[in-house]
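Structure first, commentary second.
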Amino acid sequence: MVAKAKGFMPEPEGLALYQVAREAAGRGLGPLVEIGTYCAKSAVYLGAAAREAGTVLFSIDHHYGSEELQPGWPHHDPEVVDPATGAIDTLPWARRTLRDAGLEGQVVLVVGESVTVARWWPGPVAMVFIDGGHGAEVARADFSWWVPKVAAGGVLAVHDVFEDPAEGGQVPYQLYQEVLASGDWDVVAETGSLRVLRRRALGGTAPTSPGQAAGGF
Ligand code: SAH
Ligand code: MG
């Protein structure tokens with residue numbers, strides 16, 4: 001399986017994501033959630049896993065691009081700018097990717113701010129994949145709102161975790177380390193900059209908002 005869309009998910013990491021998602025989805029712990037759809041490249045890997053397990057992926061993005069995707073930044077792609085508004089709009093690209101992959105029934109695109117969706121999100125999830133904005137505040141908000149929603153036995157995947165500052169920004173790495181240090185998680189996969197943790201099944205139901213989370217995450 002190779003996802004052909006524009007995006008930032010190298011194939012080995014996409015395949016690792018798929019394998020972890022398939023296993024997590026098969027445990028009946030709830031749907032899969034992705035923060036940061038962009039053009040749905042990673043959503044194809046996750047959506048394929050959801051399809052096999054009979055569940056769905058909710059992929060969340062406002063589709064206006066992160067700070068590091070705006071004009072003037074190295075990852076900017078002028079093709080995803082909507083000429084009518086002059087702003088990035090990756091929603092049409094994401095829809096096309098999912099249509100081409102035959103995954104429109106398994107991937108629900110949620111268009112909005114990650115934290116706004118999290119505030120109203122009703123329950124636990126089998127997997128959260130965090131790959132949204134990488135700025136310190138935005139990424140911390142994603143972690144504090146979404147990590148507590150991972151069910152006991154469910155998994156947290158984080159992208160762009162670079163131990164070496166020469167390879168990339170340190171924000172996802174620091175947040176990932178904080179979750180790991182909380183002690184409730186086991187490392188289940190490390191591929192490229194993808195890191196995957198499983199929440200230990202002890203301790204009952206996962207809390208669903210930061211206020212309910214005893215130890216932060
Ligand atoms: N997962 C994708 C890449 C995601 S790029 C892939 O592997 O192909 C990061 C995305 O996060 C961008 O599309 C950006 O619009 C989105 N994003 C950044 N901050 C966000 C926020 N606060 N709420 C929702 N989406 C956000
Ligand atoms: Mg990424």
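Just follow the structure's listing: the first ligand is 1, and inside any ligand the first atom is 1. Sequential numbering from 1 along the given sequence is applied to the chain's residues.
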- Does some side-chain heavy atom of R200 sit less than 4.5 Å from a side-chain heavy atom of D186? yes
- Message: Can you confirm whether the side chains of E52 and Y18 place a donor and an acceptor under 3.5 Å from each other?
- Response: yes
- Query: If we only count N/O pairs under 3.5 Å, is G36 in contact with ligand 1?
  - Reply: yes
- Message: For atom 19 (N) of ligand 1, what's the nearest protein heavy-atom neighbour? Residue, atom name and distance, please.
- Response: G133 N, 3.5 Å
- Message: On a heavy-atom basis, I'd like to know which of G132, S42, G7 is closest to atom 6 (C) of ligand 1.
- Response: S42
- What is the nearest protein non-hydrogen atom to atom 9 (C) of ligand 1, stated with its residue, atom name and distance? D131 O, 3.3 Å
- Have a look at Q70, H159, K41, E113 and point out the one with the heavy atom closest to atom 22 (N) of ligand 1. E113
- Is the shortest side-chain N to carboxylate O distance from E13 to K41 below 4.0 Å? no
- Task: Take every heavy atom of I88, measure it against each atom of ligand 1, and state whether any distance is under 4.0 Å.
- Result: no
- Does even one non-hydrogen atom of G112 get within less than 4.0 Å of ligand 1? yes
- Residues two or more places apart in sequence or in another chain: which of them pass side-chain contact (heavy atoms from CB on, under 4.5 Å) with V117? I60, V110, W121, W146
- Message: My understanding is that only one of D160, L69, D131 makes a side chain to side chain contact (heavy atoms under 4.5 Å, CB included) with F8; could you say which?
- Response: L69
- Which N, O or S atoms belonging to the protein are less than 2.8 Å from the Mg ion (ligand 2)? D131 OD1, H159 ND1, D160 OD2
- Would you say ligand 1 has an N or O under 3.5 Å from any N or O of D61? yes
- Item | Distance, nearest 0.5 Å, that separates CG of L98 from CD of Q106 | 10.0 Å
